[in-house]
Number of protein chains: 2
Amino acid sequence: MTDTPPQTRIQARNRAAILEAALEVFAARGFRGATLDRIAQAAGLSKPNLLYYFRSKEALHLAILQDLLELWLAPLRAMDPEGEPRAQIMGYVRKKLEMSRDHPRESRLFANEILQGAPRARPVLEGELKALVDEKAAVISGWSAAGRIGPVDPHHLIFSIWALTQHYADFEVQVRAIMGDTDPYPGAEAWLERVFGAILDIPHHGP
Amino acid sequence: MTDTPPQTRIQARNRAAILEAALEVFAARGFRGATLDRIAQAAGLSKPNLLYYFRSKEALHLAILQDLLELWLAPLRAMDPEGEPRAQIMGYVRKKLEMSRDHPRESRLFANEILQGAPRARPVLEGELKALVDEKAAVISGWSAAGRIGPVDPHHLIFSIWALTQHYADFEVQVRAIMGDTDPYPGAEAWLERVFGAILDIPHHGP
DNA sequence: GACCGATTTGACCGCTCGGTCAAAATCACG
DNA sequence: CGTGATTTTGACCGAGCGGTCAAATCGGTC
C-alpha cells in the first residue's frame, strides 16, 4: 500500500501473511506485549524468516501503522463540503461505526499506540491528521453558521464521533460483558443515529 | 483501601509510594511494558525492596486495579433513582469528565486493561459491573418510559457517557495534537452539556 | 545500649526476547 | 540439469526481565 519494490510471488504471500499475523498480535497485546516468535508462528514462519522480510519489530509495527493510518483517515477525507451537511456527517458516523465492526483489530492497534503516548504516530497526528481535522472542522463550522445544522463545536463533534464509534471496538470486552450474548451493533447503529440526529438538530423555540 | 493488615509507619509510606509510582508506569506503558526496576526507581526503592511489599508484578497490578475499580464505579453508584432524572444523568456525566481530567492515569490504566482483553478485570466486569449497570439501566428506562426524559436506550446511553468522557483522558495525546496548546476541558464540558442536553430532550412535534 | 523483628541490599538465577549469521534448502531460468 | 539468486533454518548471542536469597542494616523497645 505504501511502495512496491520488485516483489516475487513468495514475497507477496509472506509479507501479507506477516502483516495479517502482526495486526492480530499487536492489537491483542500491544507493542511490547507482542513477540516476534508469536507473530512468526501465527504467520507460519520461523522468526529469522520473518526478520528476512522486516528488518526489525519496530519496522514491522511501523509498516502496519502506516497502512492503518490511510484506512483510518479515508472516511474523514471523503466528507464532501459541497454535500448535504446532515447526510455528510451521518455518513461519516455510519462509516466509522462500520469500521469498528469490521476492523476492530485495526482500531485496537491504533488505540494502543495513542494510549502509550503515540511514540511512533505523533508526527502524523500533529501534521497530516491535524491539518485534515482543521480543514473539515472549518467546513462543519460553515454549515453550522449557515444554520444548516444546529450549533456545534466542530472539533468536539469530531472527537465525539471518534469516541462513540471506536468505543465499540476498543472496549468490546466491556461492552460484551455487560450486554451478554447480544450483538451490540444493531443497537449501536440505531442509537448513534438517534444521538447525532439530536445533536445536529436545529433547535425549535417555544412549546 | 482494600484491607488494612498491621501497618507500620514505614510500610504505609512505602506502599503508598509504590502504588503511586506503579500507577504512573503501568498507565504510561501497559502491564508488559512496565518494569519492576522502573517502578521501584520511581518510588525511590530498590527492586528487591519493592518485592518485599508486593509479592509479584501481578500482585501489584491487581492491588492497583482493585482500588481503581472502586473509584471508577462510585459515581455510577451515586446516581439516585429518586432524584430528578436530568440532574442525575448530567451529574454523572460531569463527574465522569472530572475524573478524566483529574485522574487520567487511572483512566488509561483501565483502558489498557480492557484493550488487552481484561485478563485480570474480566470477573469484575461480568459480575459487579454488569449488575450495577443493569440496575441503573432499569432506572433510566423507567425515567424514559415515564416521559421524564426523551426516548433512550439506557445501555448505549451509559456506553456513550463512558466513551465521550474517557476519550479525553485515554486519547489525550491525539486531542492535544489537534487542539494545539488549547486546554480541551472547558470546551469539552460545555460540549458534553450540549450533547447530553440534546439527547435527553423530550422531542417536540413540528411547528 | 542490647536485643529482635522489620526493612533493605547486592549478588545472582533462569528465562525470554530481539536480533545475527553462516549454512542449507529451494526456486527460477536458460 | 546446472547455476546463481532467493528463501529458510538452526544455532547462537547479549540484554533485560521477574524473582530469590542470605546477609547486612535499621528502628523501636526494655
Side-chain angles (χ1 to χ4, degrees), chain A residues 3-65 109 112-113 116-117 119-120, chain B residues 3-65 109 112-113 116-117 119-120:
Chain A
D3 52 349
T4 315
Q7 287 245 347
T8 74
R9 202 165 52 260
I10 292 181
Q11 261 181 34
R13 173 170 46 87
N14 283 349
R15 290 185 80 97
I18 291 170
L19 288 171
E20 158 66 23
L23 172 61
E24 182 76 26
V25 177
F26 277 135
R29 348 240 314 183
F31 181 78
R32 309 231 13 199
T35 73
L36 289 183
D37 272 311
R38 220 183 174 89
I39 295 171
Q41 193 188 342
L45 302 173
S46 66
K47 183 174 61 172
N49 199 6
L50 186 158
L51 285 165
Y52 172 74
Y53 290 98
F54 292 89
R55 257 170 273 257
S56 67
K57 190 183 184 182
E58 190 71 32
L60 174 55
H61 190 265
L62 212 64
I64 291 190
L65 209 53
L109 177 54
N112 250 308
E113 169 71 9
Q116 315 290 324
R120 285 162 271 272
Chain B
D3 51 348
T4 316
Q7 289 244 348
T8 75
R9 201 164 52 260
I10 293 180
Q11 260 179 37
R13 172 172 45 87
N14 282 348
R15 291 183 78 98
I18 292 170
L19 288 171
E20 158 66 22
L23 173 62
E24 183 77 25
V25 178
F26 277 135
R29 345 241 314 185
F31 182 77
R32 307 233 11 202
T35 74
L36 290 183
D37 272 310
R38 219 183 174 92
I39 296 171
Q41 193 188 341
L45 302 173
S46 65
K47 183 174 60 172
N49 199 5
L50 186 158
L51 285 165
Y52 172 75
Y53 291 99
F54 293 89
R55 255 171 274 255
S56 66
K57 189 183 185 182
E58 188 73 32
L60 174 55
H61 189 265
L62 212 63
I64 292 189
L65 208 54
L109 178 54
N112 250 308
E113 169 70 10
Q116 315 290 324
R120 286 163 270 272

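Naming convention: chains lettered A, B, ... in sequence-line order (proteins, then strands); numbering from 1 in each chain.
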Checklist entry - Can you give the first and last nucleotides of DNA chain C, 5' to 3', that have an atom under 4.0 Å from a heavy atom of chain A? => result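 Terminal contacting nucleotides, 5' to 3': dC17(C) to dA28(C).
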Ignoring hydrogens, what is the shortest heavy-atom contact between [X] and [Y]? Give both atom names and the distance.
{"X": "Leu51(A)", "Y": "Ser56(A)", "value": "CD2-CA, 4.0 Å"}
{"X": "Leu36(B)", "Y": "Leu50(B)", "value": "O-CD1, 4.0 Å"}
{"X": "Ile64(A)", "Y": "Ala22(A)", "value": "CD1-CB, 3.4 Å"}
{"X": "Gln11(B)", "Y": "Tyr53(B)", "value": "CG-CE2, 3.6 Å"}

Next on the checklist: Does anything in residues 32-57 of chain B come within less than 4.0 Å of DNA chain C? Heavy atoms only, and list the residues if so.
Outcome noted: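 Hits under 4.0 Å, by residue number: Ser46(B), Pro48(B), Asn49(B), Tyr52(B), Tyr53(B).
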Item to check | Side chain proximity check, Pro119(A) to Glu113(A), heavy atoms < 4.5 angstrom | outcome: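 Result yes, sub-4.5 Å side-chain heavy-atom pair found.
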Item to check | For Asp37(B), side chain to side chain contact (heavy atoms under 4.5 Å, CB included) partners two or more places apart | outcome: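 Thr35(B), Lys47(B).
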Checklist entry - Could you go step by step and tell me if Leu19(A) and Leu60(A) meet the side chain to side chain contact (heavy atoms under 4.5 Å, CB included) rule? => result CA-CA 8 Å; Leu19(A) 288 171; Leu60(A) 174 55; 4.1 Å; yes
Next on the checklist: Tell me whether Arg38(B) at atom CZ has more than 12 heavy atoms from other residues, nucleotides or ligands lying less than 6.0 Å away.
Outcome noted: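 Result for CZ/Arg38(B): open.
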Item to check | Short side-chain N/O contact from Gln11(A) to OP1 or OP2 of dT7(D), under 4.0 Å | outcome: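 Indeed, a polar side-chain atom of Gln11(A) lies that close.
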Using a cutoff of under 3.5 Å, can you pull out all pairs of nitrogen or oxygen atoms linking the protein to nucleotides 25-30 of chain D, with atom names and distances?
| from | atom 1 | to | atom 2 | distance (Å) |
| --- | --- | --- | --- | --- |
| dG28(D) | OP1 | Arg9(B) | NH2 | 2.5 |

Checklist entry - With sequence neighbours excluded, what pairs up with Lys57(A) under the salt bridge (Lys or Arg N to Asp or Glu O under 4.0 Å) test? => result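 Listed in chain order: nothing, the list is empty.
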Checklist entry - Among all residues two or more places apart in sequence or in another chain, which pass the ring pair (Phe, Tyr, Trp, His ring centres under 6.0 Å) test with Phe31(A)? => result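 In terms of ring pair (Phe, Tyr, Trp, His ring centres under 6.0 Å), with neighbours along the sequence ignored, Phe31(A) is linked to Phe26(A), His61(A).
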